[in-house]
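Before I ask anything, let me first share the structure, which is written out below as structure tokens.
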Amino acid sequence: MKFNTKTIHGGQIKEKAYGAVMPPIYQTSTYSQKSPGEHSGYEYSRTQNPTRHALERSIASLENAKYGLAFSSGLSAIDAIMKLFSPGDEIISTNDLYGGSYRLFEKVFKKFGLKFVFTDLRNLNEIENLISSKTKLIWVETPTNPMINIVDIEDLSKICKTNNLLLAVDNTFSTPFLQKPIDLGADIVMHSATKFLAGHSDVILGLLALSNDELAEKLFFMQNSSGAICGPMDSFLTLRGIKTLHVRMQRHCENARVIANYLKKHDKVDDVYWPGFENHPNHNIAKSQMNDFGGMISFTVKGNFDLVKRITSSFKVFTLAESLGGVESLVNHPATMTHASIPKEERDKIGITDNLIRLSVGIEDISDLVDDIKQAIN
Ligand SMILES: *Cc1c(COP(=O)(O)O)cnc(C)c1O
């Protein structure tokens, strides 16, 4: 089955009771048993629910994985992975990491004895120097947020295999439409389905996909033991969103391409971060591991914070808001919004300066989007 068919049919089975085309929302906590222990495969909805199960099979199919697991949020999916480790274990991650993941690592799991090391994962020699006998996992995001750096998943997976480490990829920005980490050698793929996968800014949900039997068993155990599962309604909404993923992503990418090129020529714009430019430092990796360049763009304007504040408050079609990946275009000021929790020196070091603006390009008519950017900047 091709990807564009899988978004609609991947992992789905015929509903037997009435032939419903969409999986019903099984809003139930428990299931009747014929005799003690004799049940239909579902006994209690924390452990398993048919609507959630349909979503879990869908993400497994999209990521070319054997197993899928669904959680109440992207962060609870990451939380389940971190609970696989024991005090003393070390995890290497990117220094340009989603703020919520950083908070979970440094403010929650560090207390339980896990050690996190942050580095530029594009620098492979540096990573080899950081690996110790205690290192268990490399956690990567690509493209990164908000600097849109690209990390080579296949190269990282080779380092992981040589050193007997797990490789987990946060695939939120790319979605399996653009990039399939398991095919590139990753062990676990994680999604904030809240963003592009569900795609309509109406649900918070997290997903994992993986193929290793033993690892899957441990994660199912964690999902059931900690219980951070998503409800059947949210599972249904995410499944519904996924059915148009390929059409939406195509338009996100098309629109972003036009906007990136528009911004590049604008005399009030300094740098534009979009991996589709041939002079983007990681353009060749993006070209080889992604099918297109995605809907996320960051750029800097020539001017001070006051000007940036005026620009970001002047959009009419773009909405000034956190989050990303929905059908509607959003504008974000990382330094005061999504990345405000990172100390200013750290922000400046990685390029999150006060004049940096991030766009999540939606699927509206491109001429309305360009006009909006034009009037906001001018
Ligand atoms: C939003 C986001 C998360 C966290 O997901 P939630 O669904 O908000 O818990 C993790 N990683 C990335 C890259 C994100 O954008």
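Just so you know, ligand 1 is whichever comes first in the structure, and atom 1 is the first atom listed for that ligand.
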### Query
Mind checking who shares a hydrophobic cluster with Ile363, ILVMFWY linked at side-chain heavy-atom distances under 4.5 Å?
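Joined to Ile363, directly or through intermediates: Val327.
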
### Query
Under 4.0 Å between a Lys/Arg side-chain N and an Asp/Glu carboxylate O for Asp306 and Arg310?
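The answer is no: the pair does not qualify as a salt bridge.
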
### Task
Please confirm whether His246 and Phe3 have ring centers closer than 6.0 angstrom.
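Centroid distance His246-Phe3: not below 6.0 Å, so no.
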
Show every donor-acceptor pair shorter than 3.5 Å between a side-chain atom in residues 268-280 and any protein atom, with sequence neighbours excluded, or say none if there are none.
residue: His280; atom: ND1; partner: Asn282; partner atom: N; Å: 2.9
residue: His280; atom: NE2; partner: Ile148; partner atom: O; Å: 2.9

### Query
Listed by chain and number, what are the salt bridge (charged side-chain N to carboxylate O under 4.0 Å, His left out) partners of Glu141, not counting sequence neighbours?
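Glu141: no salt bridge (charged side-chain N to carboxylate O under 4.0 Å, His left out) contacts found.
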
### Query
What do you reckon, are the aromatic ring centroids of His333 and Phe305 less than 6.0 Å apart?
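Ring-ring flag for His333/Phe305: true, centres closer than 6.0 Å.
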
Check ligand 1 for close polar pairs with the protein: N or O on both sides, less than 3.5 Å.
residue: ligand 1; atom: 5 (O); partner: Ser192; partner atom: OG; Å: 2.9
residue: ligand 1; atom: 7 (O); partner: Gly74; partner atom: N; Å: 2.9
residue: ligand 1; atom: 7 (O); partner: Ser192; partner atom: OG; Å: 2.8
residue: ligand 1; atom: 7 (O); partner: Thr194; partner atom: OG1; Å: 2.7
residue: ligand 1; atom: 9 (O); partner: Gly74; partner atom: N; Å: 3.0
residue: ligand 1; atom: 9 (O); partner: Leu75; partner atom: N; Å: 3.0
residue: ligand 1; atom: 11 (N); partner: Asp170; partner atom: OD2; Å: 2.7
residue: ligand 1; atom: 15 (O); partner: Lys195; partner atom: NZ; Å: 2.7

